[in-house]
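In what follows, a structure is listed as structure tokens, so that the remarks can point back to it.
Chain naming here is simple, since letters A, B, ... match the order of the sequence lines and numbering starts at 1 in each.
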Amino acid sequence: MSVLINETRMTVESRSINEGFSRVAVAAFAAQLDPTVEELSDIKTAVSEAVTNCIVHAYEKQVGKIYITVGIYENQTIRIKIRDRGCGIENVRQAREPLYTTKGGERSGLGFAVMESFMDKVTIRSNVGKGTTVTLTKQICGRCKND
Amino acid sequence: MSVLINETRMTVESRSINEGFSRVAVAAFAAQLDPTVEELSDIKTAVSEAVTNCIVHAYEKQVGKIYITVGIYENQTIRIKIRDRGCGIENVRQAREPLYTTKGGERSGLGFAVMESFMDKVTIRSNVGKGTTVTLTKQICGRCKND
Amino acid sequence: MPVSIRNSQDEVTAIIEGEIDHHTATEIRKCIDESVERIRPKLLKIDFSQVSFMDSSGIGLIMGRYNTMKIIGGKVEVQNPTPAIEKILKISGIQKLAKITKTQEVSK
Amino acid sequence: MPVSIRNSQDEVTAIIEGEIDHHTATEIRKCIDESVERIRPKLLKIDFSQVSFMDSSGIGLIMGRYNTMKIIGGKVEVQNPTPAIEKILKISGIQKLAKITKTQEVSK
Ligand SMILES: Nc1ncnc2c1ncn2[C@@H]1O[C@H](COP(=O)(O)OP(=O)(O)O)[C@@H](O)[C@H]1O
Ligand SMILES: Nc1ncnc2c1ncn2[C@@H]1O[C@H](COP(=O)(O)OP(=O)(O)O)[C@@H](O)[C@H]1O
């Protein structure tokens, strides 16, 4: 693990209107790494997936708190932790499978698949009845490299 | 006091690079009120002043934590609390005076004057040696009104 | 309005504007379904050229419209995805269910 | 570079781009002072047309340049402030120290 350069913590309520806020706020912090437009879009999409999962799955009908920690590390790496105190995931391996969803209707079951393909690393820690922490890691090559 | 509709809390470190992040993040949350470009710019400017004061005055040479709470209330009102655990202000009335600054050089002493003229209300609570809380309140007329 | 609709005989074109996430998808879905139910077209074209952000909720949206169109015997076409949206479409394998096309003219 | 500089005889024009806050002001100040010290102009024009955000650090920047120019016997002119910047200039009373002007041509 490399040295932490800068960190911010945010707490948002599990209201769907905060999906947009969360990804924009994380992107504003990530901007310090001077990412490309594509890297920024990848980060926003992955954050949107993880935050939406807290709202749709973890807390479902209640309003709970979502804890977001964003850290910038020495080797141009960003690590985003998204934590809820919701229902938890019984079978994490199954949850990660593309197209697997416990909600029919308009959920595609692709949330974790998108996070995995847009970030370098996705870890999930979950305890049923206690909550879930998703950690997203990505190294930013950035715009400077092309100068 | 009217009903709280949505709230977010953020913690940032007192590094000057976080001035930009803080105002963008608050503006992203304020966007829920559908503010005009001018209202959004007013909020960003006031937040920038208060956060900069934590960095320049409250913590000066150390790195401390800045606590930002943003609340959206029923009557289209936004309330932003910016708190530090820094040196505190000895004479708050004097600090509010336009052009008053304890730092010469490039500080203009206009931080509080700008906050006051860009927001509806500015309150300052401060304890020497313990820290300062600045609360900025503004009612948003917004874009909808003109439709 | 997050969606503007153009109808021609047997076709509905829905041009989505702005961001597609779980929050905005509800209204977008309602707009599209209202036209589809009224017109019962053979082809539903969904245009993504004006979409500034999309997460997997957009895939859910397309899949949902695919299911509705299947019931009424019609098809879905995905038009003008931006590069960022193409990336998500690729992960989803949605191209097996809906044709992805690019029109020459820039949609407005 | 957050500042582009144009020199003509007796004049330095500094066109600031992007955001002016306490964080960015340091580098902007260095850029301008370097030119002023080298050229020692009679007039320093600072152009704000490309500035997307400014807080009171921008006033500190202008006041600081006013002080330097006074020492070398010159003046400061504030050019093309945006409406948001005009609002802050008004609070500051800086117009007593520096002329605020608008040029016809749009600065690039
Ligand atoms: N934060 C969470 N809390 C509880 N369950 C979750 C959480 N995130 C994901 N899940 C479970 O994992 C499944 C797969 O998630 P995902 O791949 O994002 O697809 P989708 O959100 O479309 O269902 C979800 O259907 C849900 O059962
Ligand atoms: N958060 C704070 N902690 C300690 N002192 C502060 C804080 N905010 C403001 N001050 C004091 O109040 C004075 C006036 O602040 P302000 O009007 O923002 O002008 P400036 O920041 O340009 O000095 C500062 O010079 C400083 O002494």
Checking heavy atoms, do the side chain of Ile5(B), its backbone, both or neither come under 4.5 Å from chain A?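 For Ile5(B), the backbone is the part near chain A, not the side chain.
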
Quick one: closest heavy-atom pair of [X] and [Y], and the distance?
X: Asn18(A); Y: Gln32(B); answer: OD1-NE2, 3.0 Å
X: Ile17(B); Y: Asn6(A); answer: CG2-ND2, 3.6 Å
X: Phe29(A); Y: Phe21(B); answer: N-CD1, 3.5 Å

Within the supplied structure, the quantity of interest is the number of heavy atoms (other residues, nucleotides, ligands) at a distance under 6.0 Å from [X] [atom1]; does it exceed 12?
X: Arg85(A); atom1: CZ; result: no
X: Lys130(B); atom1: NZ; result: no
X: Lys121(B); atom1: NZ; result: no
X: Gln94(B); atom1: CD; result: yes
X: Gln62(B); atom1: CD; result: yes

Does a side-chain heavy-atom distance below 4.5 Å link Met10(B) with Arg9(A)?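 With C-beta onward as the side chain, the pair stays apart.
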
I'd like to verify something: which residue of Thr8(A), Val63(A), Ile68(A) has the highest number of heavy-atom pairs under 4.5 Å with chain B?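 Top count of heavy-atom pairs under 4.5 Å with chain B: Thr8(A).
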
Do you know which of Val12(B), Val70(B), Ile66(B) has the most heavy-atom pairs with chain A at a distance under 4.5 angstrom?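 Max contact count across the listed options: Val12(B).
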
